[in-house]
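Atoms within each ligand, like the ligands themselves, are counted from 1 in listed order. Keep in mind that the numbers below use all heavy atoms, side chains included, and drop hydrogens, waters and symmetry copies.
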Amino acid sequence: MVVDTDRCVGAGQCVLMEPAVFGQDETDGTVILLVAEPAEDQLDMVRRAVRTCPSEAILLPEPPTEHRD
Ligand code: SF4
């Protein structure tokens with residue numbers, strides 16, 4: 001997972017949702033990624049943070065889904 005601090009507007013939604021994974025810069029409030037590879041039990045809240053972030057600054061690559069013909 002990566003965060004784009006240029007896009008981040010410091011809204012802090014991600015920090016509220018999963019403070020063990022996301023932090024905030026003390027000076028300008030931009031996101032600080034504390035855990036680049038969240039644990040399984042953190043992924044649910046991380047995905048919510050991805051959806052909630054107003055500036056789409058959190059990029060969480062999802063594994064490709066398996067297609068069966
Ligand atoms: S929710 Fe998005 S805009 Fe807000 S601090 Fe987190 S990354 Fe930045």
Is there a path from [X] to [Y] through hydrophobic residues (I, L, V, M, F, W, Y) whose side chains come within less than 4.5 Å of each other?
X	Y	answer
Val35	Met45	no
Leu34	Val46	yes
Val50	Met17	no

Inset, instruction - With heavy atoms under 4.0 Å as the rule, classify the contact between Cys14 and ligand 1 as side chain, backbone, both or neither. - result: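 Answer for Cys14: both.
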Legend entry - Identity and distance of the protein heavy atom lying nearest atom 2 (Fe) of ligand 1: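 Here the nearest protein heavy atom works out to Cys53 SG, 2.2 Å.
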Legend entry - Heavy atom of the protein closest to atom 8 (Fe) of ligand 1 (residue, atom name, distance):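 Of the protein heavy atoms, Cys8 SG, 2.3 Å lies nearest.
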Within a distance under 4.0 Å of any heavy atom of [X], pick out the atoms of ligand 1 and give their elements.
X	value
Ala11	3 (S), 4 (Fe), 5 (S)
Val31	7 (S)
Val9	3 (S)
Gln13	1 (S), 4 (Fe)
Gly12	4 (Fe), 5 (S)

Inset, instruction - Before accepting this row, confirm whether a basic side-chain N of the pair Glu18/Arg48 lies closer than 4.0 Å to the acidic partner's carboxylate O. - result: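 Salt bridge between Glu18 and Arg48, a charged N being under 4.0 Å from a carboxylate O: no.
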Inset, instruction - Can you spot which of Leu60, Leu59, Ile32, Leu33 makes a side-chain contact (heavy atoms from CB on, under 4.5 Å) with Val3? - result: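 Only one option passes, and that is Leu33.
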Inset, instruction - Verify the neighbour count for atom CD of Glu26: are there more than 12 heavy atoms of other residues, nucleotides or ligands below 6.0 Å? - result: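 For Glu26, atom CD is not crowded (no more than 12 foreign heavy atoms under 6.0 Å).
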